[in-house]
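A short worksheet on the structure shown next.
None of these values were measured; they are calculated from a predicted model.
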Amino acid sequence: DLHSFPTRRSSDLSLPAYAFERTAFPATFNLDALLNSRAPIADRKAETAVYTSCFRQTPAPGDAVELKEKKFNFLVFTGNESFSTDLIGHLTDAGQRVITVSPGHHFGKLGPDRFQADAIAPGDLDTLFSTLLAETAIDQIIYCPSLYPAPADTVYETLNDRLGDGYLSVALLAGAIGRHQPIHPLNLTVIGNHLARVSASDPVDPLKAMLNAPVKIIPSEMHNIRSRMIDIPYPFADAGTATSCLSGVVNELFYDTDEPLIAFRHGQRYIPDIEPISENPKLGSGIRIDSNAAYLVTGEGHYLDTLRN
């Protein structure tokens with residue numbers, strides 16, 4: 001405030017690099033020469049390959065030594081599953097503060113660091129974050145309600161419930177985080193199952209595929225938030241698998257990676273990938289286009305125009 005210094009003389013200082021000074025800096029170049037310098041299309045080597053989606057095994061992160069070095073605040077959303085109970089117990093035994101949010105018909109405080117909320121009810125998540133952020137900073141949010149014992153039949157009667165426990169709640173959770181704008185780094189981890197088909201025997205729930213959308217978009221909209229999904233083989237076949245997955249999830253919480261989806265199978269870590277299919281007659285479908293036959297092709301108009309051309 002210049003008025004606070006009446007005895008001093010003030011003057012304008014010219015700053016050529018001032019961000020709001022609209023000074024044009026044109027670049028002189030010959031566009032025709034630039035375009036003509038490229039190799040002719042006939043001389044370019046085109047690589048033709050067919051790729052297929054797959055899951056690639058990757059090294060798993062090491063133990064979460066951060067739990068021994070620092071105290072963190074965890075916000076864990078629980079559901080009708082048992083994995084969150086084991087996860088909360090593990091974090092609590094490590095001396096960490098764990099705040100739990102269980103499903104409820106309305107927002108309420110059940111006890112110290114225990115809340116209930118309806119994630120898709122208007123205002124419940126806003127009230128939750130207003131209450132929490134007024135007194136503490138949340139370091140990690142772990143969302144578990146999308147864990148189901150088995151893939152459900154995709155029928156109209158259960159559609160709202162399935163979306164409410166998965167896509168809708170995570171999307172509304174992201175909106176509540178954005179409105180309250182925590183300035184510190186925050187990790188959001190969605191724990192699910194039947195998300196990834198690592199092997200042909202893995203059951204997949206098509207409604208859960210919608211979780212990919214908010215999890216992938218959140219970091220691009222809010223740069224201080226990192227989000228990911230972890231697919232676990234729940235319900236577990238045995239106690240050894242449960243212990244291995246619990247350890248793997250905890251270690252992932254402190255692993256700095258941009259991978260939006262991680263899957264655990266048989267004690268190994270997998271991420272989505274694509275791989276080329278080599279040209280081999282044994283891999284072909286055997287289907288050929290008969291030039292003398294007539295074919296009926298249905299689909300969206302844009303793609304039909306592409307085929308026609």
Side-chain angles (χ1 to χ4, degrees), residues 58 61 64 66-67 69-79 83-84 87-88 91 96-103 107 113 115 117-147 163-192 195-196 208-232 248-264 269 271-272:
T58 61
E66 292 84 354
L67 293 178
E69 300 173 346
K70 184 180 177 181
K71 301 298 182 183
F72 296 92
N73 295 319
F74 292 87
L75 178 62
V76 180
F77 286 80
T78 65
F83 179 79
S84 60
L87 178 62
I88 292 168
L91 296 174
Q96 304 298 320
R97 182 187 180 187
V98 181
I99 304 167
T100 62
V101 183
S102 57
F107 176 79
D113 290 341
F115 297 87
D118 184 351
I120 62 174
D124 269 26
L125 292 177
D126 286 308
T127 305
L128 172 66
F129 280 101
S130 296
T131 304
L132 293 177
L133 296 179
E135 63 178 32
T136 187
I138 303 299
D139 301 298
Q140 301 262 3
I141 298 178
I142 306 172
Y143 186 86
C144 299
S146 59
L147 283 171
L163 291 178
D165 290 335
Y167 166 75
L168 291 177
S169 291
V170 174
L172 293 172
L173 176 60
I177 295 172
R179 285 189 292 274
H180 292 272
Q181 296 183 347
I183 59 175
H184 62 282
L186 176 64
N187 288 347
L188 169 61
T189 303
V190 177
I191 310 296
L195 286 161
K208 291 189 177 183
M210 299 179 67
L211 280 167
N212 284 282
V215 169
K216 290 183 177 181
I217 292 174
I218 288 171
S220 64
E221 297 288 341
M222 293 174 278
H223 300 293
N224 61 318
I225 298 179
R226 185 181 64 185
S227 59
R228 79 186 76 184
M229 291 185 296
I230 301 179
D231 183 289
I232 58 177
V249 167
V250 172
N251 295 340
E252 289 287 344
L253 297 178
F254 298 95
Y255 184 41
D256 188 8
T257 177
D258 294 328
E259 297 158 352
L261 174 61
I262 298 101
F264 288 110
R269 181 183 189 269
I271 62 172

Atom pair [atom1]/[atom2] of [X] and [Y] - distance to nearest 0.5 Å:
{"X": "Ile218", "Y": "His223", "atom1": "CD1", "atom2": "NE2", "answer": "13.5 Å"}
{"X": "Gln96", "Y": "Asn73", "atom1": "CD", "atom2": "CG", "answer": "8.5 Å"}
{"X": "Glu252", "Y": "Ile232", "atom1": "CD", "atom2": "CD1", "answer": "12.0 Å"}
{"X": "Glu259", "Y": "Thr58", "atom1": "CD", "atom2": "OG1", "answer": "6.0 Å"}
{"X": "Phe264", "Y": "Ile191", "atom1": "CZ", "atom2": "CD1", "answer": "8.5 Å"}
{"X": "Leu125", "Y": "Ser169", "atom1": "CG", "atom2": "OG", "answer": "7.5 Å"}

Enumerate donor-acceptor pairs with a distance under 3.5 Å from any side-chain N or O in residues 171-180 to protein atoms, sequence neighbours excluded.
| unit_1 | atom_1 | unit_2 | atom_2 | d |
| --- | --- | --- | --- | --- |
| Arg179 | NE | Asp126 | OD1 | 3.0 |
| Arg179 | NE | Asp126 | OD2 | 3.4 |
| Arg179 | NH2 | Asp126 | OD1 | 3.3 |
| Arg179 | NH2 | Asp126 | OD2 | 3.1 |
| His180 | NE2 | Asp126 | O | 3.3 |
| His180 | NE2 | Asp126 | OD1 | 3.2 |

> Ile271 and Thr257: side chain to side chain contact (heavy atoms under 4.5 Å, CB included), yes or no, with the steps?
Replying inline: CA-CA 11 Å; Ile271 62 172; Thr257 177; over 6 Å; no
Any side-chain heavy-atom pair of [X] and [Y] under 4.5 Å:
{"X": "Phe115", "Y": "Leu132", "value": "yes"}
{"X": "Pro185", "Y": "Asp139", "value": "no"}
{"X": "Met229", "Y": "Lys208", "value": "no"}
{"X": "Arg269", "Y": "Pro61", "value": "yes"}

With sequence neighbours excluded, what pairs up with [X] under the side-chain contact (heavy atoms from CB on, under 4.5 Å) test?
{"X": "Asp113", "result": "Arg97, Ile99"}
{"X": "Leu168", "result": "Ile120, Leu163"}
{"X": "Asp124", "result": "Phe107, Ala117, Asp118, Ala121"}

>> My understanding is that only residues two or more places apart in sequence, or in another chain, count here; which of them pass salt bridge (Lys or Arg N to Asp or Glu O under 4.0 Å) with Asp231?
In response: Arg265
Exam field: side chain [X] to backbone [Y], donor-acceptor pair closer than 3.5 Å:
{"X": "Asp165", "Y": "Pro145", "value": "no"}
{"X": "Ser146", "Y": "Gly166", "value": "no"}
{"X": "Gln140", "Y": "Leu253", "value": "yes"}
{"X": "Asn251", "Y": "Gly248", "value": "no"}
{"X": "His184", "Y": "Ile138", "value": "yes"}

>> If I compare all heavy atoms of Arg226 with all of Tyr255, which pair ends up nearest, and what's the gap?
In response: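 What the structure gives for the nearest pair is NH1-O, 3.2 Å.
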> For the residue pair Cys144 and Ser84, what are the closest heavy atoms and their distance?
Replying inline: SG-CB, 3.9 Å
> Restricting to pairs with a member in residues 119-144, which pass ring-ring contact (aromatic ring centres under 6.0 Å, His included), not counting sequence neighbours?
Replying inline: Phe77-Tyr143
> Do other residues, nucleotides or ligands put more than 12 heavy atoms under 6.0 Å from the CZ atom of Phe72?
Replying inline: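 More than 12 heavy atoms, drawn from other residues, nucleotides or ligands, come within 6.0 Å of this atom.
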>> If we check side-chain contact (heavy atoms from CB on, under 4.5 Å) with Ile141, which of these qualifies: Leu75, Asn187, Val76?
In response: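 The option that passes is Leu75.
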